[in-house]
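Each chain gets a letter, A, B and so on, in the order the sequences are listed, and its residues count up from 1. Just so we're clear, the structure is a prediction, and the values are computed from it rather than from any experiment.
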There are 2 protein chains.
Amino acid sequence: MELRQIKYFLGVAETLNFSKAAINLNIVQPALSRQIRQLEQDLGVVLFERNNRNVWLTPAGMYLRDEMIKLDKRFKDTLDYALSIQNGHVGTIRIGYPGSALYSILPEVLCLLQQKLPLLDGVLSEMAEVEVLETLVNGHIDVCFSREEMYDHPNVCQRKLFSEQLALVVPEKHALTKENFKSIAQCRSDGFILPYLADWQMYRQLIYGMFNKEGFVPRIAYESNFGATIMRLVEKNLGVSILPLSYRMGSSLKVRFIPLKTQTTLYMVWRTDDHSPIVRNFIDLCDEAARGLNLDFECG
Amino acid sequence: MELRQIKYFLGVAETLNFSKAAINLNIVQPALSRQIRQLEQDLGVVLFERNNRNVWLTPAGMYLRDEMIKLDKRFKDTLDYALSIQNGHVGTIRIGYPGSALYSILPEVLCLLQQKLPLLDGVLSEMAEVEVLETLVNGHIDVCFSREEMYDHPNVCQRKLFSEQLALVVPEKHALTKENFKSIAQCRSDGFILPYLADWQMYRQLIYGMFNKEGFVPRIAYESNFGATIMRLVEKNLGVSILPLSYRMGSSLKVRFIPLKTQTTLYMVWRTDDHSPIVRNFIDLCDEAARGLNLDFECG
DNA sequence: TTCTATTCATGCTTTTTCGGCATAAATCTA
DNA sequence: TAGATTTATGCCGAAAAAGCATGAATAGAA
């Protein structure tokens, strides 16, 4: 018994006429008659009652017709789903990200994911920038966002998503404003609230490079890897900070963002040996999200 | 894509080894490799990752393996059920019977039906003996029980099931007992309660033959086609009756059954042109029930 | 390292199956 | 009764599948 014969059976069951069914099935009538007879022998079930003039279904034939139509549909659906799995449209992707991705690319990516790959589940893990790489390499996540360059790392690949300005974050009552701002050296006497940054991190060099250029060493009032915490401390007059400008989007606190010249870049990172189509699709999705990103926070 | 290829796929998925799977499938390994490759091309889905040494399933392959096992089971179940339909083990049989079958063969038949053909639904219609034949011929029922001989009827077939004695039914306080009973002529002065019997009915001839033999014409007090009604009237001293002895089984009324010599035969009847396997199975079942019937009501 | 055994893939040949054609047999219609 | 329609059967060529021999790669043992 073969699927071809079942297809033929359904063809005959539809027209109840071997000649016409044969035409629909693109074979000649004798071939069809033989295949149906073969099927009946294999099954041990008489599907059609027929004389030299008429054809009709037996009760068992009617039952089989109805069931085979259902099975055929389920079969096709199953194949479609398997194709979706192969194409990376179905499954789970574990995403690691530092808090600084939360107000820029991440919501856009998740919206796109919902729209374009609704069968793909995203599992989100927020973590400090310093943890991101190790978590990825250890296989606890599949992709991550990072502000670190790691083009020379052998086990991971990286792609630039977008750049944005850094901003000085001061309490609302602070004397410094966008208008009177000239240099962060004006905050020389303020305490700084900065994320904990390891020596090897490029982001650390980016931040501290700014201080060096202006010729002072900032006083560290507090360290925190969580933007929300940092902004709250700034609001409470406990210091000033430097954060990516997109943080402005998620804050209703009484703090002021003063854009700086310096840019920070967000990257998308994945394991070199991970050829999963899900990861590939997700990277493409992030690319698309980054291209569509509106970074004009001034007007936001 | 053919069922053969799916069978091969499941074979390889089980062992993850083309050579061993080929042995299990009774083909040579190159043939198996080619068929799997063909299947992968047809589906557009890579089922196995393989190098020259190892084979393992892709995610899509795992999904398809699990789903195909389920589909295969459902497919086989469907074919089994179709075979049951063909063999008359599944469906509905409409059974007509006169009340006099109710205490003898019918319960036995229904028990056997439940045991041996649990997927066969019996639809019961009690009706007067005079209606049974017409209802059958008109196609409102598929089989019926009857006490009439109709071997010469062109449209129906008939088979004898069993014979039993007739009995005189008298009120408990009636003077006549098994011991002092000699002839129904002793009831010459009693009113008789008999079913309505058309002239053409053999059963009528059977009953009235007894009266003729004893040389008297019974006085008909009441007519009823329902045994329960007749017995109740007898209990209430409104007359005596003649019924098949098996009625004793279903009665807790204050009536006495006095066995007579005369026998009555119950037949099973069906339409000549009805070749349904369900009817055939049911007839066989009734035969079996009749053979196993315990007619020794004396000891019951 | 080298040899052997195992495993999957490829090329060629044989066998089986399937489809096409001609036609028979049966039945309905004019 | 003749013609049209429909299913079944016999025969043949084409296509597909299986078998066989062998190649290529690799893991494991000597």
Side-chain angles (χ1 to χ4, degrees), chain A residues 1-62 64-65 68 72 79 86 273 275, chain B residues 1-62 64-65 68 72 79 86 273 275:
Chain A
M1 182 187 2
E2 288 298 342
L3 287 179
R4 177 174 26 81
Q5 293 168 319
I6 292 168
K7 188 178 74 179
Y8 290 174
F9 162 60
L10 292 178
V12 177
E14 203 173 339
T15 62
L16 292 180
N17 179 315
F18 280 74
S19 305
K20 293 193 177 73
I23 294 170
N24 295 338
L25 294 165
N26 290 313
I27 56 171
V28 294
Q29 168 268 316
L32 181 57
S33 289
R34 264 194 301 257
Q35 289 295 322
I36 295 292
R37 187 164 298 277
Q38 181 70 45
L39 179 62
E40 289 181 321
Q41 280 181 16
D42 291 349
L43 295 179
V45 174
V46 179
L47 300 169
F48 298 101
E49 298 283 349
R50 42 205 187 280
N51 52 34
N52 279 314
R53 193 78 192 166
N54 289 100
V55 175
W56 62 100
L57 281 159
T58 61
M62 285 185 207
L64 273 181
R65 171 191 43 147
M68 286 303 163
D72 181 63
L79 299 185
Q86 154 141 318
D273 63 358
H275 302 295
Chain B
M1 181 185 8
E2 288 298 340
L3 287 179
R4 176 173 28 80
Q5 294 169 318
I6 291 168
K7 188 178 73 178
Y8 291 174
F9 162 61
L10 292 178
V12 177
E14 202 173 338
T15 62
L16 293 181
N17 179 315
F18 280 74
S19 304
K20 294 193 177 74
I23 294 170
N24 295 337
L25 294 166
N26 290 313
I27 56 170
V28 294
Q29 169 265 317
L32 181 56
S33 289
R34 267 193 298 257
Q35 288 296 321
I36 296 291
R37 189 164 297 278
Q38 181 70 45
L39 178 62
E40 289 181 321
Q41 280 180 17
D42 290 349
L43 295 178
V45 174
V46 179
L47 300 169
F48 299 101
E49 298 283 348
R50 43 204 185 280
N51 53 36
N52 279 313
R53 194 79 195 167
N54 288 100
V55 175
W56 62 100
L57 280 159
T58 61
M62 286 185 207
L64 272 181
R65 173 193 42 154
M68 287 301 162
D72 181 62
L79 298 186
Q86 156 142 318
D273 63 358
H275 302 294

Return the nearest nucleotide to the side chain of B:R50; candidates are C:dG20, D:dT7, C:dC8.
-> C:dC8
In this structure, CZ of B:R37 is separated from CG of B:L39 (nearest 0.5 Å) by 11.5 Å
Calculate, to the nearest 0.5 Å, the distance between atoms CG and CZ belonging to A:L16 and A:R50 respectively.
-> 11.5 Å
Sequence neighbours excluded - side chain to side chain donor-acceptor pair (under 3.5 Å) pairs with any residue from residues 5-19 of chain A | A:Q5-A:Q35
Just the rounded figure in Å: distance from [atom2] of [N] to [atom1] of [X].
X: B:I23; N: C:dT6; atom1: CD1; atom2: P; value: 11 Å
X: B:Q38; N: C:dT10; atom1: CD; atom2: P; value: 13 Å
X: B:N17; N: D:dT26; atom1: CG; atom2: C1'; value: 14 Å
X: B:L32; N: C:dA9; atom1: CG; atom2: P; value: 9 Å
X: B:W56; N: C:dT7; atom1: CH2; atom2: C1'; value: 13 Å
X: B:F18; N: D:dA25; atom1: CZ; atom2: C1'; value: 15 Å
X: A:Q35; N: C:dT17; atom1: CD; atom2: C1'; value: 9 Å
X: B:I27; N: C:dA9; atom1: CD1; atom2: P; value: 13 Å

Scoring nucleotides 23-30 of chain C by protein non-hydrogen atoms under 4.0 Å (B base, S sugar-phosphate only, - none) yields ---SBS--
Residue-phosphate contact under 4.0 Å: A:R37 side-chain N/O, D:dA8 OP1/OP2 = yes
State whether A:S19 places a side-chain N or O below 4.0 Å from either non-bridging phosphate oxygen (OP1 or OP2) of D:dT5.
-> no
For [X] and [Y], work out which heavy atoms get closest and say how close.
X: A:L32; Y: A:F18; value: CD2-O, 3.3 Å
X: B:L3; Y: A:E2; value: N-OE1, 2.8 Å
X: A:A21; Y: A:G11; value: CB-O, 3.7 Å

Which of residues 39-48 of chain B have a heavy atom under 4.0 Å from DNA chain D?
-> none
Between residues 3-12 of chain B and DNA chain D, which residues have a heavy-atom gap below 4.0 Å?
-> B:R4, B:Y8
Hey, does A:N54 have a side-chain heavy atom less than 4.5 Å from the side chain of A:F48?
-> no
Would you say the side chain of A:L43 lies within less than 4.5 Å of the side chain of B:Q86, judging by non-hydrogen atoms?
-> no
Between the protein and nucleotides 11-15 of chain D, are there any N/O to N/O pairs under 3.5 Å, and if so, what are the atom names and distances?
residue	atom	partner	partner atom	Å
D:dC11	N4	A:R34	NH1	3.4

Can I get a per-line list of side-chain donor-acceptor pairs under 3.5 Å for residues 22-31 of chain A, giving both atom names and the distance, sequence neighbours left out?
residue	atom	partner	partner atom	Å
A:Q29	NE2	A:S33	OG	3.1

For the side chain to side chain contact (heavy atoms under 4.5 Å, CB included) test, which of B:V12, B:V55, B:L64 pairs with B:L47?
-> B:L64
Could you pick out which residue, B:K20 or A:A31, lies toward the 5' side of DNA chain C when each is mapped onto its nearest nucleotide?
-> B:K20
